[in-house]
Amino acid sequence: MHLIAVAFVMITLIAVVSVVLPAGMHVFGMTAIGTALAAASANPRGVLAVGCYALVTAFVVSTWQGLLGTPDQILRLLVGAAFVPISWAIAVHLRELLRATAEAASDRGMLAAIVEQSTDAITVLDRDGTVMMWNAGAENLYGYRAAEMVGRSFTRVLPAERVPYFRRALADANAGKHVILDELPRLHRDGTTFLVSLAAAPIRDESGQVVASAATERDITAQKRREAEERQARERTARAARMESLGQLAGGVAHDFNNLLAIILNYADFLADEVTADGRRDLDRIREAADRARALTGQLLLFAKQEPTPVENVDLNEVVSSSSELLSRSIGPNIRLVCRTHDQPLPVRANRGRLDQILLNLVINARDAMPDGGTVVVSTDRTPDGGARLSVADTGCGMTAEVRDRLFEPFFTTKPADQGTGLGLATVYGIVEDAGGHIGVASSPGAGTTFTIDLPRADGPAPGAAGTSAAGPSPGHGEHVVVLEDEDFVRDAVIRILRENGFRTTVLHEHDPAAVLDDADLLIADIALRHSSGPEVAVRLRRRHPGLRVLFMSGYSERDLRDRYQLDDSVRIVPKPFTAVELLAAVGDALAATAGHHG
């Protein structure tokens with residue numbers, strides 16, 4: 001506004017001078033200069049006001065001098081009038097230029113503030129990779145102040161092996177390309193390494209030439225750690241689900257195997273008295289093979305967490321100490337066994353024999369991974385939550401991630417077919433899960449393998465084991481036994497064993513009426529039937545015969561069956577495959593029960 005005031009003052013002074021000077025000098029025309037001066041104020045309204053004041057002043061002065069209507073007056077007033085729109089247009093243009101300049105400055109200031117306050121590291125590098133700008137985010141990320149980095153090469157914050165990659169990326173940016181990269185290692189001032197994501201873009205001058213590059217970096221170390229943890233959690237969940245489904249499959253396979261083994265074992269016994277000595281030797285081999293198959297199905301049920309075992313409070317330190325001699329003999333002279341136990345007792349709730357089996361399986365697995373010798377370290381320790389930890393580490397060949405992922409699947413093995421069944425580690429997995437623990441494995445090719453087993457700490461006295469009958473096999477005396485079994489050969493074997501040992505027998509089908517049990521002393525029923533279940537049929541039959549004794553049989557796990565069908569400990573279950581002696585013992589035990597404690 002001061003230029004407008006100066007213009008008014010100038011016009012007034014020129015008017016006064018014009019009045020004082022002789023009329024022939026025509027100085028009043030100089031008042032138009034005031035309008036031109038006002039144009040520099042970039043105030044169009046002010047220019048119009050000054051222009052009007054100049055024209056009025058010139059007209060008054062020239063009229064006072066007696067020039068009214070003369071060509072001199074008219075010409076000078078026209079020149080003054082022409083100055084007004086020209087000056088106004090200049091003022092409008094200057095105002096727009098000033099507004100645009102102010103807005104640009106505001107935008108630059110806002111951008112500079114955003115860059116400076118950004119939590120991301122924003123840097124500007126020249127074409128040689130020298131730092132030109134280093135914001136507060138970069139200071140926080142790298143630990144270097146701007147004064148320490150501006151003018152220095154960006155390679156200062158790069159691991160040495162990353163410098164060639166940086167040069168290639170800088171060349172791409174100098175060529176006008178946008179660069180987007182992930183998981184780039186960077187060096188902090190304190191020497192630690194972290195990961196960043198990078199987005200870089202070229203900066204061009206007015207002619208379009210690339211003169212620098214701007215890069216935005218974000219610390220993704222914690223993000224990548226979380227992603228890795230989430231990925232591991234998903235893998236553990238998927239592995240647990242896969243192992244659970246494999247366990248269900250294993251349980252079903254074991255049930256079918258047990259039915260077949262019951263047939264093989266018992267019909268081999270039937271033939272034993274009817275063949276020659278050579279034939280008996282062949283039958284013995286059949287029985288031996290069936291017994292081995294029986295042990296395998298037991299391992300399958302153990303993997304499926306369906307094989308009940310008595311448990312007790314066991315000190316994990318004592319398990320390792322007492323097993324060291326056996327383990328040393330199992331691994332051979334070229335492998336050194338080191339046992340390290342915790343200095344405090346580590347009581348766990350488990351089956352002692354199963355813990356020995358875990359140790360033996362893991363140590364033998366370690367031995368097989370070190371054909372040229374090495375070291376196996378068996379150690380115990382306390383977990384952060386107060387539980388017990390058993391570790392078995394070897395210096396062997398290690399394994400790939402693909403092998404590690406399938407390690408505990410039944411029948412999966414990397415050994416030749418004649419050197420392993422693929423059930424050793426599956427059995428270990430089942431034992432650990434059954435004990436409420438967790439097993440993990442760390443391994444990579446050439447770096448050895450470490451198995452880590454965490455078990456919950458034992459708390460409180462061991463519960464008393466369920467009592468089992470001491471009654472042995474005894475012949476029948478005409479008792480009536482009704483048999484419900486949908487596997488024909490198993491049913492025929494049961495009927496034959498009972499009849500040859502003094503019992504009367506009747507075959508019962510799932511939907512037979514209860515009248516067939518009018519004089520029955522005992523019902524023997526398979527639990528898993530085609531269309532219903534043994535417990536379901538027993539409940540229906542007991543509506544008419546409340547005192548009916550029941551003996552169940554099944555190739556599934558007893559514990560699983562008790563949970564599934566809500567059978568308490570008083571209900572008797574004979575597991576398949578059974579021998580004649582085992583069946584007769586169970587029948588004698590069931591018949592010996594009083595009416596008040598029937599099965």
Side-chain angles (χ1 to χ4, degrees), residues 159 161-162 165 181-185 193-197 220-250 299-300 303-305 331 335 358-379 381 383-384 389-417 419-433 437-455:
E161 68 276 6
R162 297 299 304 180
Y165 298 96
L181 298 170
D182 195 22
E183 295 190 51
L184 301 177
T193 303
F194 57 95
L195 298 176
V196 301
S197 63
I220 59 172
T221 307
Q223 173 190 336
K224 292 301 177 181
R225 186 183 302 115
R226 285 194 303 271
E227 289 176 356
E229 291 172 353
E230 291 171 358
R231 183 169 58 254
Q232 291 173 359
R234 288 194 298 271
E235 289 174 355
R236 285 196 297 269
T237 301
R239 185 181 299 113
R242 185 171 68 249
M243 299 299 276
E244 183 67 25
S245 62
L246 286 172
Q248 294 173 0
L249 174 62
Q299 287 184 290
L300 278 176
F303 166 76
K305 296 177 284 186
I331 59 178
I335 296 177
I358 287 176
L359 264 178
L360 186 61
N361 279 346
L362 292 181
V363 169
I364 289 177
N365 197 71
R367 177 201 67 189
D368 294 341
M370 298 183 293
D372 299 325
T375 302
V376 180
V377 179
V378 179
S379 59
D381 201 353
T383 61
R389 174 169 293 166
L390 171 67
S391 300
V392 178
D394 65 61
T395 57
C397 59
M399 65 187 79
T400 63
E402 292 76 17
V403 171
R404 189 173 64 245
D405 191 52
R406 300 188 59 194
L407 197 60
F408 301 111
E409 294 181 8
F411 303 116
F412 175 77
T413 179
T414 58
K415 300 175 184 177
Q419 294 184 19
T421 62
L423 284 174
L425 291 177
T427 301
V428 170
Y429 178 89
I431 294 172
V432 173
E433 291 290 312
H438 171 73
I439 183 169
V441 58
S443 182
S444 59
T449 299
T450 299
F451 286 93
T452 303
I453 296 171
D454 292 346
L455 296 171

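Sequential numbering from 1 along the given sequence is applied to the chain's residues. Side chains included, hydrogens not; waters and symmetry mates left out as well; all remaining heavy atoms used.
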Spacing of CD1 belonging to I220 relative to CD belonging to E183, to within rounding of 0.5 Å: 5.5 Å
Residue list, side chain to side chain contact (heavy atoms under 4.5 Å, CB included) with R225, at least two apart or on another chain: T221, A222, E229
Heavy-atom pair with the smallest gap, counting every atom of G373 and I335: CA-CG1, 4.0 Å
Set of residues satisfying side-chain hydrogen bond (donor to acceptor under 3.5 Å, both in side chains) with respect to T375, sequence neighbours excluded: none
Flag, side chain of D394 to backbone of T449, donor-acceptor distance under 3.5 Å: yes
All side-chain hydrogen bond (donor to acceptor under 3.5 Å, both in side chains) counterparts of S444, not counting sequence neighbours: none
Contact check, side chains of I331 and V363, non-hydrogen atoms, under 4.5 Å: yes
V392 and its side-chain contact (heavy atoms from CB on, under 4.5 Å) partner, picked from T450, V428, N365, V378: V378
Set of salt bridge (Lys or Arg N to Asp or Glu O under 4.0 Å) partners for D454, sequence neighbours left out: R389
CD1 on I358 to CZ on F451, rounded to 0.5 Å: 11.5 Å
Minimum side-chain heavy-atom gap K224-D182 below 4.5 Å: yes
Residues forming a side chain to side chain contact (heavy atoms under 4.5 Å, CB included) with P185, sequence neighbours excluded: P159, R162, T193, L195
Nearest-0.5 Å distance that lies between atom CG in L390 and atom OG in S379: 7.5 Å
side-chain hydrogen bond (donor to acceptor under 3.5 Å, both in side chains) involving S197 - partner list, sequence neighbours excluded: none
Contact summary for S443 and G398, nearest pair of heavy atoms: OG-CA, 3.3 Å
Check: L181 and Y165 side chains under 4.5 Å, non-hydrogen atoms: no
For R367, all residues meeting salt bridge (Lys or Arg N to Asp or Glu O under 4.0 Å), sequence neighbours excluded: none
Listed partners of F194 passing ring-ring contact (aromatic ring centres under 6.0 Å, His included), at least two apart: Y142
